[in-house]
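Each remark here refers to the structure printed beneath this line.
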Amino acid sequence: MAIGNIGATNFYKAQDTHPETQNTGRKSIVFTNATDIGKALATRQVSVDGVSIELSDEAMQALYDARDKFYADRDAETERYVAEFNKYAAEQQKEAAEDMAEDMAKALATARRIANGDIVPAIDEQKLLEYNADLYKMAKAAAMLHQMEEHRKDKSLYENEEEREYTDPEKETTPMQKYGVEVEVSLGDVPAVEGISEGQLTE
């Protein structure tokens, strides 16, 4: 089930769930963490609008069961989120490694061309200088040995190069779904718990 209209995660967050029967004072409390559920279980009661309501044995068992499901669903959602995040992070690392290998290959090829006395495009020289200034200087020094030779004009290794866009794995990952335990109570002549359930929280 989906527990709706949750605007805060405060303990004892009361809300009207059945406005058509407002005269009965039917309300619900939504617990959003296990600590708050534990408090209710420890005291065997819940409080709505200042009214304390004792939990029957049946309600206690239902709350225990709901808490167990809350744990299971929360843990499963955490596991799902971590797995999805890690998948995107691994893809980003792989792409980054591929780009680094490609950058190194182009830099070494450019350095070799310059060292052989070839005429390389200005953009290639600039890319090599940015990648490794020492390698650039060594290539230019080696080129001096080929000054008197005929020079070959090379095409750019960076022509039509597209920059790969990286995205934040956290932004790619589906946000974690939050869970809560809803306790529905009646504040009639004899305040009582009418139902306990666990489910996803919807904003």
Side-chain angles (χ1 to χ4, degrees), residues 1-100 164-203:
M1 66 161 288
I3 302 172
N5 302 320
I6 307 304
T9 58
N10 295 332
F11 185 43
Y12 298 154
K13 171 68 178 175
Q15 59 193 34
D16 291 313
T17 53
H18 303 280
E20 71 280 4
T21 57
Q22 256 184 334
N23 58 327
T24 67
R26 189 174 296 173
K27 303 272 188 174
S28 72
I29 327 162
V30 175
F31 298 99
T32 56
N33 64 69
T35 301
D36 293 340
I37 302 173
K39 291 177 183 177
L41 288 169
T43 61
R44 295 186 63 94
Q45 64 181 21
V46 293
S47 177
V48 180
D49 296 342
V51 178
S52 294
I53 302 170
E54 292 294 326
L55 293 172
S56 65
D57 290 341
E58 293 79 6
M60 286 284 289
Q61 185 58 55
L63 191 53
Y64 274 118
D65 293 342
R67 184 182 65 173
D68 289 344
K69 189 171 187 307
F70 170 82
Y71 281 142
D73 287 344
R74 184 188 60 182
D75 291 348
E77 178 63 4
T78 300
E79 187 175 335
R80 189 275 314 162
Y81 179 88
V82 171
E84 188 176 337
F85 179 92
N86 287 341
K87 182 190 78 168
Y88 285 117
E91 290 174 358
Q92 292 285 28
Q93 290 174 349
K94 180 183 176 184
E95 290 176 0
E98 290 173 352
D99 284 349
M100 288 177 62
R164 196 194 300 259
E165 292 186 5
Y166 293 98
T167 55
D168 184 349
E170 190 171 357
K171 292 181 179 178
E172 295 288 334
T173 306
T174 305
M176 282 189 64
Q177 176 63 58
K178 296 180 180 179
Y179 288 83
V181 174
E182 182 179 42
V183 179
E184 191 172 296
V185 300
S186 172
L187 297 177
D189 295 334
V190 181
V193 173
E194 294 194 334
I196 297 175
S197 57
E198 183 275 351
Q200 294 183 354
L201 297 180
T202 57
E203 298 299 333

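Residue numbers start at 1 and run along the sequence shown.
Scanning both residues, Leu63 and Ala40, for their nearest heavy atoms gives CD2-CB, 4.0 Å. A pairwise comparison of heavy atoms in Ile196 and Ala66 identifies CG2-CB, 3.8 Å as the closest pair. The two residues Gly38 and Arg67 make their nearest non-hydrogen contact at CA-NH1, 4.3 Å. Residues Ile29 and Ser47 approach most closely at CD1-O, 4.3 Å, considering heavy atoms. In terms of heavy-atom proximity, Glu198 sits nearest to Tyr179 at OE2-CD2, 3.2 Å. Of all heavy-atom pairs between Phe70 and Thr32, the closest is CZ-O, 3.7 Å.
One N or O on the side chain of Glu77 and one on the backbone of Gln177 form a donor-acceptor pair closer than 3.5 Å. Looking only at distances, a side-chain donor or acceptor of Arg80 sits under 3.5 Å from a matching main-chain atom of Thr174. Distance alone, capped at 3.5 Å, places no donor-acceptor pair between the Asp49 side chain and the Val51 backbone.
For the pair Gln92 and Thr167, the minimum side-chain heavy-atom distance is below 4.5 Å. Gln61 has its side chain out of reach of Glu58: every pair of non-hydrogen atoms, C-beta onward, lies at least 4.5 Å apart. Residues Phe31 and Val46 have side chains in contact (heavy-atom distance under 4.5 Å, counting atoms from C-beta outward).
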Q: Could you walk me through whether Val181 and Lys69 pass the side-chain contact (heavy atoms from CB on, under 4.5 Å) test, one step at a time?
A: CA-CA 9 Å; Val181 174; Lys69 189 171 187 307; over 6 Å; no
Q. Which is it for Asp57 and Arg44 under the side-chain contact (heavy atoms from CB on, under 4.5 Å) test, yes or no, and what are the steps along the way?
A. CA-CA 9 Å; Asp57 290 341; Arg44 295 186 63 94; 2.7 Å; yes
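Taking CD of Glu54 as the reference point, atom CE of Met60 lies at 10.0 Å (rounded to 0.5 Å). A distance of 9.0 Å separates CD in Glu184 from OG in Ser186, rounded to the nearest 0.5 Å. Summarising the geometry, atom CG belonging to Asp68 is positioned 11.0 Å from atom CG belonging to Asp73; distances are rounded to the nearest 0.5 Å. Taking CD of Gln45 as the reference point, atom CG of Leu55 lies at 8.0 Å (rounded to 0.5 Å). For the atom pair Asp168 CG and Phe85 CZ, the distance stands at 6.5 Å (nearest 0.5 Å).
Within a 6.0 Å sphere centred on CD of Glu170, heavy atoms belonging to other residues, nucleotides or ligands number 12 at most.
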